[in-house]
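Beneath this line is the structure, given in structure tokens, with notes to follow.
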Amino acid sequence: MTVRVRIAPSPTGNLHIGTARTAVFNWLFARHHGGTFILRIEDTDQARSRPEYTQSIKEGLSWLGLHWDEGPYFQSERLDLYQQAVKTLLDKGYAYRCYTTEEELNQLRESQKARGLAPRYDNRHRNLTPEQEKAFEAEGRKPVIRFKIDDDREIVWKDHIRGILTWQGSDLGGDMVIARASSRQDLGKPLYNLAVVVDDMDMNISHVIRGEDHIANTAKQILLYEAFEGNIPEFAHTPLILNEQGQKLSKRDNVTAISDFYKMGFVPEAMTNYMALLGWTPPDSTQELFTLEEATKTFTIDRVSKSAAKFDWPKLDWINSQYIHNMPADRLLEMLVPFWQQAGYEVHLDQDRNWLEQVTALIAPSLTRLTDAVEQTEVFFQQTVELNEDAISQLQQEGVAPIIEAVYEQLKQQPKLSEDQAQQLVKDLTKQHNVKKGLVMRSLRAALTGKMKGHDLMQLWLLLNQKGLDQFRLENALNTIKS
Ligand code: GLU
């Protein structure tokens with residue numbers, strides 16, 4: 001069987017984590033079976049669709065490494081096809097024009113509610129004569145096109161994730177609106193269910209893998225496939241993603257767009273790894289770290305759980321840190337640059353690449369998110385640092401000032417130090433001033449960084465030294481001690 005799957009977002013918002021996770025499953029499924037992954041932009045809702053959201057979707061998928069083999073197809077460019085389909089349904093008697101007004105529909109719903117019934121259209125215009133249609137149009141009414149759904153129809157399919165699913169025609173809300181028209185001659189503007197079925201048939205989609213919020217749509221769509229005598233794809237409905245409180249992850253959780261995760265300092269490999277685990281369990285259930293490429297080997301849709309997946313921030317953080325710690329410094333550097341620039345640090349990648357790579361290698365093991373690098377590298381990008389209280393009291397300790405002074409003088413004579421020279425200098429100072437090495441190191445840390453904690457001092461000092469920043473800092477510290 002040729003596997004052809006699609007991700008079909010509506011560009012009514014930025015690429016959402018739920019859509020991205022569904023894209024991960026589709027992508028893995030396609031790659032596992034040597035199939036095709038298609039991007040289709042469902043922009044028939046012109047009022048809510050925006051080109052910048054299409055851009056966000058494309059950028060988000062690309063950033064995640066979910067490259068598509070075909071598309072993007074735009075539904076807004078395929079209206080003829082849908083209108084042709086509407087015509088087919090009308091000609092075959094599977095669809096009809098309905099002139100019920102919004103007001104009449106409201107009344108109907110109210111009366112159903114009063115009787116404790118679920119709201120549904122009562123199919124009142126199923127059998128209008130051409131004369132009745134014309135009379136309604138003379139009143140200024142505009143038709144919608146409805147597809148007939150018989151109450152006694154039972155719709156059954158075997159869902160790859162949820163098993164056998166059964167729907168009753170009577171539970172689908174009455175005859176379904178598939179297009180909105182302006183007159184009897186008009187074939188109208190197609191709505192979601194129609195456009196999806198026409199496209200999935202036209203694009204020979206073999207498997208529809210999408211969120212479980214679409215289950216009721218699937219029941220309706222199966223009826224449309226039957227009416228068109230098209231091949232019905234196989235279906236897999238992926239579970240919801242819940243927040244830590246167990247509610248559906250939504251805009252209220254602040255981070256729902258993939259771009260938010262980027263801004264928070266997550267790396268794409270960690271995101272796709274984590275998203276794959278939001279519902280899927282690898283055959284080796286202890287395996288928590290895998291690249292998308294690795295997961296393609298073992299990914300099967302039947303290992304996706306039907307129960308909702310809870311979003312677990314500590315786990316995402318842990319996965320992110322693992323990718324950061326194992327990343328080559330040059331790649332990590334490229335990823336850090338935008339965050340530094342955003343913090344206002346001056347970064348000169350062409351001149352300073354080597355130095356920046358060393359800075360990166362030094363801090364990498366202590367990063368969880370890329371954004372952590374901003375604070376951790378402040379010491380390298382600022383000319384001076386502010387001394388915190390602990391640093392000041394360290395520098396005010398007896399015997400410290402002469403040590404700092406001595407280092408400063410030494411640097412004035414010989415500004416650049418090798419690691420051996422720096423080590424030797426510390427050794428000499430310990431001897432000359434008759435103090436413990438710890439005191440020298442702590443005092444240097446206080447003067448160079450303004451803090452008492454941080455990365456390996458020798459490495460840090462040598463990096464500052466390469467930029468001549470250590471002299472500044474020592475001079476500054478001396479001034480502080482004296483004042
Ligand atoms: N446009 C739909 C959505 O954004 C996609 C549904 C589908 O995959 O069929 O939810």
Side-chain angles (χ1 to χ4, degrees), residues 6-29 39 41-42 45 48-50 52-66 159-162 192 208-218 235-282 288 290 292 295 299 301 303-321 323 368-371:
R6 82 296 194 281
I7 186 74
S10 305
T12 54
N14 292 316
L15 179 63
H16 182 275
I17 174 96
T19 310
R21 197 271 316 256
T22 303
V24 168
F25 288 167
N26 275 284
W27 189 94
L28 287 173
F29 187 76
L39 172 59
I41 303 292
E42 304 209 317
D45 183 347
R48 291 174 60 226
S49 297
R50 300 248 184 295
E52 57 269 31
Y53 293 141
T54 297
Q55 196 54 27
S56 155
I57 290 163
K58 291 197 307 192
E59 278 172 12
L61 292 174
S62 303
W63 180 70
L64 291 168
L66 299 171
D159 194 278
H160 278 274
I161 295 173
R162 308 187 60 95
Y192 166 69
V208 170
I209 304 170
R210 63 181 166 202
E212 67 171 32
D213 44 330
H214 283 288
I215 289 180
N217 284 327
T218 297
F235 293 96
H237 288 91
T238 58
L240 290 178
I241 304 175
L242 303 180
N243 66 16
E244 281 167 317
Q245 287 74 46
Q247 299 145 339
K248 191 177 166 186
L249 196 72
S250 74
K251 292 218 166 75
R252 271 165 289 141
D253 295 294
N254 288 328
V255 276
T256 50
I258 287 301
S259 51
D260 295 330
F261 289 92
Y262 165 76
K263 287 182 206 140
M264 290 173 79
F266 291 103
V267 301
E269 298 92 320
M271 284 305 296
T272 47
N273 187 153
Y274 180 66
M275 285 193 287
L277 289 171
L278 277 175
W280 179 64
T281 313
E288 291 188 294
F290 46 79
L292 272 188
F299 184 83
I301 200 79
R303 293 194 64 83
V304 174
S305 159
K306 65 179 172 199
S307 30
K310 215 174 211 177
F311 204 89
D312 182 347
W313 285 99
K315 181 150 184 182
L316 173 57
D317 271 333
W318 177 77
I319 291 178
N320 204 55
S321 69
Y323 280 95
T368 297
R369 301 183 186 180
L370 298 174
T371 42

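This one's a predicted model, so the numbers in the text were calculated from it and none came from an experiment. Just so you know, residue 1 is the first one in the sequence shown, and it goes up from there.
Between Pro11 and Ser49 the shortest side-chain heavy-atom distance falls below 4.5 Å. For the pair Arg6/Val208, a side-chain contact is recorded, criterion being any heavy-atom separation below 4.5 Å from C-beta on. No side-chain heavy atom of Pro9 sits less than 4.5 Å from a side-chain heavy atom of Thr54. Side-chain contact check for Ile209 versus His160: every heavy-atom pair is 4.5 Å or farther apart.
Between Trp280 and Phe290, the ring planes lie perpendicular to each other; the angle is over 60°, past the 30° to 60° tilted range. Relative ring orientation between Tyr274 and Phe311 is described as perpendicular, the plane-to-plane angle rising above 60° on a 0-90° scale split at 30° and 60°. Classification of the His214-Tyr192 ring pair by plane angle, with boundaries at 30° and 60°, yields tilted.
Contact check on Lys315 versus Glu288 returns a salt bridge, with a Lys/Arg side-chain nitrogen under 4.0 Å from an Asp/Glu carboxylate oxygen.
Put simply, the side chain of Asn14 never gets that close to the backbone of Asp260: no donor and acceptor are under 3.5 Å apart. Between the side chain of Ser56 and the backbone N or O of Glu52 there is no donor-acceptor pair closer than 3.5 Å. The backbone N or O of Leu249 lies less than 3.5 Å from no partner atom in the side chain of Asn243, so there is not a single donor-acceptor pair. With hydrogens and angles disregarded, no donor-acceptor distance shorter than 3.5 Å links the side chain of Tyr53 to the backbone of Ser10. Looking at Asn320, its side chain never comes within 3.5 Å of a backbone N or O of Met271 through a donor-acceptor pair.
In this structure Glu59 satisfies the side-chain contact (heavy atoms from CB on, under 4.5 Å) test together with Gln55, sequence neighbours excluded.
Crowding of Arg303 atom CZ: a count of heavy atoms from other residues, nucleotides or ligands under 6.0 Å exceeding 12.
For the side chain to side chain donor-acceptor pair (under 3.5 Å) with Arg210, the qualifying choice from Asn26, Thr19, Thr238, Thr218 is Thr218, the only one to do so. With Met275 as the partner, the side chain to side chain contact (heavy atoms under 4.5 Å, CB included) test is satisfied by one option alone out of Leu292, Val24, Ile241: Val24.
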